[in-house]
Participant: 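Take this structure first; my questions come after.
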Protein chains: 2
Amino acid sequence: MIELTQRDQIVLEAIITDYIETGEPVGSRTISKRSVMNVSPATIRNVMADLEEMGLLHQPHTSAGRVPTVKGLRLYLDSIMRSRQLGGSEKESIRDALLTRPQDITELLRGTSKMLSQYCRQAGVVLWPKQSIASFKHIEFLRRGPFDIMVILISRAGLIHQTHIESKEEITQAELDKYSLYINELLRNVPLSMVKQRLREEMESEKALFDRLFSRALQMANRAIQYAIEDSEIYIEGQTNLLDNPEFAHVEQMRRILQAFEDKSKMVRLLDEALKASTGIQIVLGTEGELLQEWEEMSLVSAPFRRGDTPLGILGVIGPLRMDYSRIIPIVEFTAQLLSHMLEIADEA
Amino acid sequence: MIELTQRDQIVLEAIITDYIETGEPVGSRTISKRSVMNVSPATIRNVMADLEEMGLLHQPHTSAGRVPTVKGLRLYLDSIMRSRQLGGSEKESIRDALLTRPQDITELLRGTSKMLSQYCRQAGVVLWPKQSIASFKHIEFLRRGPFDIMVILISRAGLIHQTHIESKEEITQAELDKYSLYINELLRNVPLSMVKQRLREEMESEKALFDRLFSRALQMANRAIQYAIEDSEIYIEGQTNLLDNPEFAHVEQMRRILQAFEDKSKMVRLLDEALKASTGIQIVLGTEGELLQEWEEMSLVSAPFRRGDTPLGILGVIGPLRMDYSRIIPIVEFTAQLLSHMLEIADEA
DNA sequence: GGTAGCACTCGACTTCAAAGAGTGCTAAAG
DNA sequence: CTTTAGCACTCTTTGAAGTCGAGTGCTACC
């Protein structure tokens, strides 16, 4: 563990704050003027040299100022930064931005992502693994062809999932209607976590053993639900905000980054890991975690949203390493709380 | 109308072809060498001067070659260009790319968009106004709250539409189930174009007049369908391909263009107009149509896909003015045919 | 009408010098 | 022992000047 004197910390913080603001390497003179304690640039230079030796700062070239390294940022985030409190009016306007999009849950999640991107001026992201379809509401089997069945699954919160399954034997819509009726009755108000178990029980019951029709219905429901919970939705909004960051002025770089966004499955994997790992706010910097190689200069601030203690999904902000963390962190945190709350309401209705 | 001699046409074509290939202003020397007819650069210069006077060419500065203007491109597209035939193997691989994504119709449309973007190395786009939910398959009313009803509408092709409506009176799920049953029975296999009429007839029938329950069901179905057909889905894929075009090397420009993509409602309007206007392949160049202001340097190649004579939606490619039209046009055309065909099959199932 | 020749224009690239920001080191002061 | 002032040094940025080359327009000639 690294030992820093009080003054080291102050200087590091000042450098990072300034760097976050301007994006330019910052020199000793600037810090000397700006900082509260009155010390000369020369003194600051000594401190800087120390910090550089510790690997917290980096000098692009001999005659330039210093830039924080990933290690420096990490230290800053973990033990120096005090994140700003959100003002009441800020909270208010975030809340408004979310509540004016009540339509359905898909809209809500996309809206959240968009809101995050606008408030943080970076890309916003929301991941919603469907296994968290919190509780079962309705299932519907529709015949598309003699062996082709479309299954529509709806959660109480209003999320729709659509799958296809194949039947081994020909089947009529009338039969399927019976299936729907039966399964809906069976699962009424069963939380999704229990659904699979409930189905299994029923499959082993006498009724199913002796009635082929019911048995098939149960199997189908089982398969459909299996598919459903393996799926995830991801909403990435405001990517173009990233273009405003001067560090991405080079088209080459920009393209690499935007292309990474296009491969959603990678993004899903990334966020899924974050979701599993985290209990609260989490920050992944550039090369630190196993962010994609394309992302060296990027950073992710995320927080899970949850029902009670079970995490439902994760939301966050993606931007360059140089972001205003002290502002973004509380926003992400607050949004996660807010969304948790809203989903709770939606699900209770 | 502009009169061009044979030679004018050949020169114009040569310039445009070369410009499309290289992206650089093209000089008289180049044309002289490349063109079939053996004439000296000086002669070409004379022709060029004429073409410039007609507003078909433009000279960035005195000592540069010529670049086609929008007017020049238009003329080329309308009366000079011969679009290349697609080879059998190309057709084959396009077909494969589409057919390997059979899952559901949403996937099919998104896949089409992606395929277009990959084959043309530009952004691909597919617009699907829901009014073309070709024929009604299933409706489901679900209670979300005492006055809040979620309506799910499914077309035979498997497209799902979700809306909310509010009820004036409290309502139970049991009632809603009856509604669903009734409406589904009523509309079984009615093409969507007839649905509204069918509903109206029924509303005026005796049965509805005397049964409040039926009457409310009809009203709800009516409203839900109204919402549904006003909605559109749009799929834009491969935007990052645009970054490869050297003409967008400036970040400023790039941002403007990508930002325009983010406002989907604008894109919908744009394509919707194209859809209404067109019967076949259609090309909108930069400022010509009422493309958005942000799009001066962009161009859209589109073609509607249809069932019989009614257009269902539109697909196309968006890229810079400088695109390889002779290749892209047949691809778009062929894809539209192919998709029309596939939807026909899906809907008959 | 077509072509060769030629002077001219203008952007792209290179070179060079000057300016400016910032450092590291040393020596003196607290 | 820590802090500071001073100074030489390094490296990037900026701008001016100069050269190069592509391409043109014009004129005279075939």
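Residue numbers start from 1 in every chain, and the chains themselves are labelled A, B, ... in the order their sequence lines are given, proteins ahead of strands.
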Participant: May I ask you to decide whether B:Arg82 forms a salt bridge with B:Glu13, counting only side-chain N to carboxylate O separations under 4.0 Å?
Facilitator: yes
Participant: Got a sec? Which of residues 14-30 of chain B come in under 4.0 Å of DNA chain D, heavy atoms?
Facilitator: B:Gly27, B:Ser28
Participant: Please state whether the phosphate of D:dT2, meaning OP1 or OP2, lies under 4.0 angstrom from any side-chain nitrogen or oxygen of A:Arg7.
Facilitator: no
Participant: Send over the distance from B:Asp50 CG to C:dG1 C1', rounded to a whole Å.
Facilitator: 12 Å
Participant: Any donor-acceptor pair under 3.5 Å linking the side-chain atoms of B:Thr112 with those of B:Tyr235?
Facilitator: no
Participant: Could you check B:Val317, B:Asp244, B:Ile328 and say which one makes a side chain to side chain contact (heavy atoms under 4.5 Å, CB included) with B:Arg121?
Facilitator: B:Asp244
Participant: Closest approach to the side chain of B:Ala42, judged atom by atom: which nucleotide of D:dT3, D:dT12, C:dT3 is it?
Facilitator: C:dT3
Participant: With respect to the phosphate group of D:dT4, does any side-chain polar atom (N or O) of A:Thr43 fall under 4.0 Å of OP1 or OP2?
Facilitator: yes
Participant: Mark yes when over 12 heavy atoms from residues, nucleotides or ligands other than A:Glu296 sit less than 6.0 Å from its CD; otherwise mark no.
Facilitator: no
Participant: A:Leu51 CG to C:dG24 P: how many Å, rounded?
Facilitator: 12 Å
Participant: Starting at atom CG of A:Asn46, determine the distance to atom P of C:dT26, rounded to an integer number of angstrom.
Facilitator: 12 Å
Participant: How many whole angstroms separate atom CE of A:Met48 from atom C1' of C:dT23?
Facilitator: 10 Å
Participant: Less than 4.0 angstrom between a side-chain N/O of A:Ser63 and OP1 or OP2 of C:dA21, yes or no?
Facilitator: no
Participant: Could you state the CG-P distance from B:Leu57 to D:dG23, rounded to the nearest angstrom?
Facilitator: 15 Å
Participant: In whole angstrom, what separates B:Ile44's CD1 from D:dG23's P?
Facilitator: 13 Å
Participant: May I ask you to say whether B:Glu262 pairs ionically with A:Lys114, meaning some side-chain N is under 4.0 Å from a carboxylate O?
Facilitator: no
Participant: Sub-3.5 Å donor-acceptor pair from the side chain of A:Gln259 to the main-chain atoms of B:Thr240, do we have one?
Facilitator: no
Participant: Distance check: side-chain N/O of B:Arg45 vs OP1/OP2 of C:dG2, anything under 4.0 Å?
Facilitator: no
Participant: Give the rounded distance in Å between these two atoms: CG of A:Asp8 and P of D:dT2.
Facilitator: 12 Å
Participant: Between B:His61 and B:Val39, just flag the one whose closest nucleotide in DNA chain C comes earlier from the 5' side.
Facilitator: B:Val39
Participant: Is any NZ, NE, NH1 or NH2 atom of the basic residue among A:Arg45 and A:Glu52 found under 4.0 Å from an Asp or Glu carboxylate oxygen of the other?
Facilitator: no
Participant: May I have the distance from B:Gln59 (atom CD) to C:dG11 (atom P), rounded to whole angstrom?
Facilitator: 11 Å
Participant: What contact category does A:Ala64 fall into here, base, sugar-phosphate, or nothing, at under 4.0 angstrom with non-hydrogen atoms?
Facilitator: sugar-phosphate
